[in-house]
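Worksheet for the structure shown next.
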Amino acid sequence: MEHIRLNGAYWGLTTLDLLGKLDTVDVDEVVSEVMQCQHESGGFGGNSGHDPHILYTLSAVQVLALFDKVDVLDVEKVADYVAGLQNEDGSFSGDMWGEVDTRFSYIAICCLALLHLLDKINVEKAVDYILSCKNHDGGFGCTPGGESHAGQIFCCVGALAITGSLHRIDKDLLGWWLCERQVKSGGLNGRPEKLPDVCYSWWVLSSLIMIDRVHWIDKQKLAKFILDCQDTENGGISDRPDDACDAYHTYFGVAGLSLLEYPGVKAIDPAYALPVDVVNRIILGIKG
Amino acid sequence: MSSSSSSDEERRWVPLRSRPEFSDVIPVEQDDGPNPVVPITYKEEFRETMDYFRALYKADERSLRALHLTSEAIQFNPGNYTVWHFRRLVLEALNHDLHDELALTEHIARGNSKNYQLWHHRRWVAEKLGTSATTEELRFTKNILSIDAKHYHAWSHRQWVLQALGGWEDELDYCQQLLEEDIFNNSAWNQRYFVITRSPFLGGLKAMRESEVCYTLNGIVARPENESSWRYLRGLYKDDNSSWVNNPQISSVCLEILNAKTNCVFALSTLLDLISHGFQPSQEFTDAVDALRISDSEQRDSDVAKAACFVLESVDPFRANYWQWYKNKHFQNA
């Protein structure tokens, strides 16, 4: 897992912040380790010595944001790396090798918004590309024609939210598709007829919140499902009850509970996937 | 020493420091800093392989031994995208035969096919091989789908192959076959829509609509609880609500399902959708919906649409707020 260490840092540290325990971590150590992952291009790799990729670049910015340390970056350089990954049709590649996916559209837009440099890209084309991935069921896939999938939907809706373009989607149709993800156990799946998974508590829930339709699911039943996924011995959360837990699902379970306003968990921003106070500080300039 | 990826035999591990072909290489250790915040523990063989990889990577050595080393590193950790990147650089530098890559990715897929790097590598290779790879790519994805018919990466790759390299001719039949195996396969329904709207061999959505409606309605009658088929049906009338409302077969199938009194949720919601677009339901519909009321204490509404919403609030309680909203939005003044 060493190649995704920055992702792991984001999941772990954001979870700690949501639980009010971020101060147990040494800020300078974190900043130093994050900066070691930066490549000469301005982008970040998953770990030191790794090639840059848009995925880890966002994680780096998000982790620094948690500690209010975004200013250690040469912000222009990072933004230029990300902006350089936009293609002619408005889509984004993950890195120099050219893989295209709406995940990368979200990542680019979220990252640049956190750096206050969204104007480095062609936002209109970026939005048009995302809309070209909208399907007849109201959902979004990874590329045009790709099956609607809750993870991809989160990315597209998040990107549209950040760029102020939510009016371009049919919120009622998408809201219905999303609320149909709730299955008998109370958990959420990512596509019709698939099993529920705690990570969809984030992808589906945050999407519903961004389009103001979260009351269309049974929130209590969902909260119970997430709690059933916690391993009460070691504290972590797994994809579904009684499976092995991991940092990824622990983060998404806690983030989901945050969106459900579970007591003891700080509020998380559904578009930026960072605590609300962090987003307020960065985007709105509101000091906590 | 064999580093061929097509072999499934267990190889006795020979430490890299003992291999003559690497005797000049000074391994480079992972630098995690003195007190790593997210420390990871490694297996010895993996650690040594990565130390040697790091040495060749930092020296930017694009040689045959580097190529073989990336094979080993990939097999230890197929998620390490930097190794895959470097392998591509080496392949380009050596102008190496890319057909070996098809075997490598197939081998990795047998271990774990839900890996973005392997699919990305496969796409890069297929793009370079061009149309000579079409048959093989369709076979490869079909193989993965035979194990997991909803495999998101496989479908994504397959869609790319069809659009970039071709091979559309048998795709509709393939969707049919998959739906016969599992009519609830949402990916297969999605692919079907992809084919009828984009295949250069078919006439496009409008031309295919009649036969597709027929096919879909048969599927709906067989399994009325199948969300995918209902959504597919609706998708056939994308941007053409008047044709949607005016096809009597659709409301007729809804009525049939309502009268059977089981798995009525999508039949009810489709009826609501039709009514909201101007469909005028006959008395038969009112009677059928009325017969679905759970209890006499439930509000009886002479308006069939409102009555349907009440039924849905009862039989689909997780989404009660949605059905209430729907009723208020579309039928408040009915």
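Note on naming: letters A, B, ... go to the chains in the order of the sequence lines (proteins, then strands), and numbering restarts at 1 for each one. Atom set for the values below is all heavy atoms of this structure, side chains included, hydrogens, waters and symmetry mates excluded.
- Of the inter-residue distances, the one linking B:W119 atom CH2 with A:E99 atom CD reads 12.5 Å to the nearest 0.5 angstrom.
- Looking at A:V183, only its backbone comes within 4.5 Å of chain B, counting heavy atoms on both sides.
- Contacts of B:Y237 with chain A are absent, with no heavy-atom separation under 4.5 Å from either backbone or side chain.
- Among A:K221, A:H215, A:H149, A:R191, the residue with the largest count of heavy-atom pairs under 4.5 Å with chain B is A:R191.
- At least one side-chain heavy atom of A:E180 sits less than 4.5 Å from a side-chain heavy atom of B:D316.
- Closest non-hydrogen pair, A:G45 versus B:Y81, comes out as CA-OH, 3.2 Å.
- Heavy atoms of B:R88 lying under 4.5 Å from chain A belong to its backbone as well as its side chain.
- For B:K329, the part sitting under 4.5 Å from any heavy atom of chain A is the side chain, from C-beta outward, and nothing else.
- In this structure, no portion of B:L162 lies under 4.5 Å from any heavy atom of chain A.
- Taking 4.5 Å as the limit, some side-chain heavy atom of A:Q152 sits within range of a side-chain heavy atom of B:Y152.
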Q: Start with the C-alpha distance between B:T82 and A:H53, add both sets of side-chain angles, then the distance that settles side-chain contact (heavy atoms from CB on, under 4.5 Å), and finish with yes or no.
A: CA-CA 10 Å; B:T82 297; A:H53 195 286; over 6 Å; no
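- Looking only at side-chain heavy atoms (C-beta outward), B:R234 and A:D137 stay at 4.5 Å or farther from each other.
- Note that the CZ atom of B:F318 and the CD atom of A:Q220 stand 11.0 Å from one another [nearest 0.5 Å].
- Atoms CZ and CH2, from B:R231 and A:W177 in turn, are 8.0 Å apart once rounded to the nearest 0.5 Å.
- Residue contact with chain B, scored on non-hydrogen atoms closer than 4.5 Å, involves the backbone of A:K184 exclusively.
- Counting non-hydrogen atoms of neighbouring residues, nucleotides and ligands closer than 6.0 angstrom, the NZ atom of A:K69 reaches no more than 12 such neighbours.
- Contact annotation for B:F194: only side-chain heavy atoms (C-beta onward) come within less than 4.5 Å of a heavy atom of chain A.
- A cation-pi arrangement is found for A:R103 relative to B:Y116, the charged atom lying closer than 6.0 Å to the ring centre and inside a 45° cone about the ring normal.
- Contact count versus chain A (heavy atoms, under 4.5 Å) is highest, among B:W155, B:W124, B:F86, for B:W124.
- Under a cut-off of 6.0 angstrom, the local environment of CD in B:E29 is sparse, with at most 12 non-hydrogen atoms contributed by other residues, nucleotides or ligands.
- The cationic atom of B:R319 (NZ for Lys, CZ for Arg) does not lie both less than 6.0 Å from the six-membered ring centre of A:W176 and within 45° of the ring axis.
- The distance from the NE2 atom of B:H120 to the OG atom of A:S93 is 8.5 Å, given to the nearest 0.5 Å.
- B:E44 CD: more than 12 foreign heavy atoms inside a 6.0 Å radius.
- Using bins of under 30°, 30° to 60° and over 60° for the plane-to-plane angle, the ring pair B:W325/A:W216 lands in the tilted bin.
- Side-chain contact annotation: B:Y57 with A:D51, donor-acceptor N/O pair under 3.5 Å present.
- Rounding to the nearest 0.5 angstrom, the gap separating the CZ atom in A:R213 from the CG atom in B:N321 is 12.5 Å.
- Checked for salt-bridge contact, B:E227 and A:R181 meet the test: a charged N lies under 4.0 Å from a carboxylate O.
- Between A:P144 and B:Q159 there is no side-chain heavy-atom pair separated by less than 4.5 Å.
- Looking at B:N80 and A:H50, their side chains come closer than 4.5 Å, going by heavy atoms from C-beta outward.
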(Q) Could you go through A:E193 and B:N185, starting from their C-alpha distance and side-chain angles, then the distance that decides it, and tell me whether this counts as side-chain hydrogen bond (donor to acceptor under 3.5 Å, both in side chains)? (A) CA-CA 7 Å; A:E193 295 297 322; B:N185 185 340; over 6 Å; no
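- Interface remark: B:K238 contributes side-chain atoms only to the contact with chain A (heavy atom separation under 4.5 Å).
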Q: Give the intermediate values and the outcome of side-chain contact (heavy atoms from CB on, under 4.5 Å) for residues A:E147 and B:S156.
A: CA-CA 8 Å; A:E147 187 185 1; B:S156 175; over 6 Å; no
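- In this structure, B:T197 and A:H136 have side chains that are not in contact, with every pair of non-hydrogen atoms separated by 4.5 Å or more.
- Contact tally against chain B (heavy-atom pairs below 4.5 Å) for A:G146, A:A247, A:G46: the top residue is A:G146.
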